[in-house]
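A note on names: the letters A, B, ... follow the listed sequences, proteins ahead of strands, and every chain is numbered from 1. Below, each value reflects all heavy atoms present in this structure, side chains not excepted, and no hydrogens, waters or symmetry copies.
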Number of protein chains: 2
Amino acid sequence: MSQGNTAVPTQLRTLDDARALLEMGECPVPPREILDRIAGKWAIQIIVASAEGPIRFTELERLIQGISRRMLTLTLRNLERDGMLTRTVYPTVPPKVEYQATPMALELYEAMLTLTDWSRRHSACVAKSRELYDARRQ
Amino acid sequence: MSQGNTAVPTQLRTLDDARALLEMGECPVPPREILDRIAGKWAIQIIVASAEGPIRFTELERLIQGISRRMLTLTLRNLERDGMLTRTVYPTVPPKVEYQATPMALELYEAMLTLTDWSRRHSACVAKSRELYDARRQ
DNA sequence: CAGAATCCGTGGGGATACTG
DNA sequence: CAGTATCCCCACGGATTCTG
């Protein structure tokens with residue numbers, strides 16, 4: 001009984017730990033404010049695009065297909081606020097602004113590779129499952 | 001020229017690969033239909049709760065704090081459709097329905113532990129960064 | 001018990017036009 | 001070039017009520 005059953009595991013490594021947290025009313029997943037970043041439609045792509053060196057606003061707009069100017073601006077601001085991007089303004093005419101991913105952001109991207117692999121390995125299975133489910137319900 | 005420069009890397013392991021994909025107009029992140037699952041507010045918690053054995057609807061409702069009946073039902077349906085949960089109905093009165101996570105779902109959860117670790121290691125840094133950013137803009 | 005149905009608010013995100 | 005400013009749509013999710 002040296003470890004009471006109310007102890008919250010500080011390292012979340014197993015499903016047992018996770019379930020223990022759940023039963024204590026805590027959430028065994030990354031907090032909302034983090035998930036919301038990676039869940040956003042564009043953030044990860046911006047991190048990738050700015051990973052290897054400074055990149056300008058218009059280059060991002062060209063590189064990331066389908067992004068609107070508004071969402072590019074918004075996502076850049078959020079990422080900068082979170083410390084995931086540096087923003088450098090050159091006071092020239094016309095203006096020049098460069099963005100670059102921080103090491104922290106690159107780590108996040110690497111962490112997401114695990115998820116990418118999962119989806120690669122299971123996407124066919126998920127698709128098949130959906131097909132069967134939909135067929136059953138017509 | 002055995003490998004033309006239009007080859008898409010089948011294994012996405014490095015940022016170089018990711019950026020190459022980006023430049024080809026492809027998205028180097030898990031597809032939307034996968035991210036939407038983990039981005040949902042409740043899916044992961046349901047997977048955790050149903051990981052260790054069958055669990056009933058009402059037990060889930062009690063275990064997962066703050067979930068509404070509607071969202072529990074909806075998320076369960078989606079997870080079942082994706083092959084992440086099995087659903088077993090016992091034709092008794094009153095009805096009894098049990099859910100259990102599939103191995104594929106457990107793998108997904110384990111993949112997410114990488115993200116959980118990232119957020120654990122960097123959440124303080126992100127919070128500080130936001131504070132500074134907000135202070136600068138008042 | 002395990003849901004289905006309905007109503008509704010909020011916010012993410014698109015399209016477009018304007019500007020320092 | 002690198003943004004703001006508006007308007008608008010719609011999907012997520014909460015609250016509530018009804019039912020086999």
Rounded to whole angstrom units, what separation is found between the CG atom of L35(A) and the C1' atom of dG11(C)? 17 Å

Describe the nucleic acid contact of T58(A) in one word from base, sugar-phosphate, nothing, applying a heavy-atom distance below 4.0 Å. sugar-phosphate

Side-chain donor/acceptor contact of R69(B) with base of dA15(D) under 3.5 Å: no

Atom pair OG1/CG of T116(A) and L35(B) - distance to nearest 0.5 Å: 8.0 Å

Rounded to whole Å, how long is the line connecting atom CG of L72(A) with atom P of dT4(D)? 11 Å

Hey, are E131(B) and K128(B) close enough for a salt bridge, meaning a charged N less than 4.0 Å from a carboxylate O? yes

Between the base of dG3(D) and the side chain of R70(A), is there any donor-acceptor pair under 3.5 Å? no

Whole-Å gap separating C1' (dG14(D)) and CD1 (I64(B)): 16 Å

Spacing between Y90(A) atom OH and dG20(C) atom C1', to the nearest angstrom: 20 Å

Let's see if you can work this out: which of dG3(C), dC1(C), dG14(C) has an atom nearest to the side-chain heavy atoms of W42(A)? dG14(C)

Atom of L108(B), atom of W118(A) and distance for their closest heavy-atom approach: N-NE1, 3.1 Å

Just checking Y99(A): base, sugar-phosphate only, or nothing, at a heavy-atom cut-off of under 4.0 Å? sugar-phosphate

Grab the CG-P distance between N78(A) and dG11(C) for me, whole Å please. 14 Å

Euclidean distance, atom CZ of residue F57(B) to atom P of dG20(D) [Å, nearest integer]: 17 Å

Does R56(A) place a side-chain N or O at less than 4.0 Å from the phosphate oxygens OP1/OP2 of dA2(D)? yes

Do Y90(B) and I55(B) share a hydrophobic cluster (ILVMFWY, side-chain heavy atoms under 4.5 Å, transitive)? no

The residue, P94(A) or R32(A), whose nearest nucleotide of DNA chain D is more 5′ is P94(A)

Selected nucleotide, minimal atom distance to S68(B) side chain, candidates dG13(C), dA2(D), dG14(D): dG14(D)

Let me know the distance between CG of D36(B) and P of dC10(D), rounded to the nearest Å. 18 Å

Over how many whole Å does the gap from I67(A) atom CD1 to dT16(C) atom C1' extend? 16 Å

Indicate the atoms forming the closest heavy-atom contact of L106(A) with A101(A), along with that distance. CD2-CB, 4.0 Å

Where each residue is assigned the nucleotide of DNA chain C containing its nearest heavy atom, which of T75(A) and P95(A) is assigned the position nearer the 5′ end? T75(A)

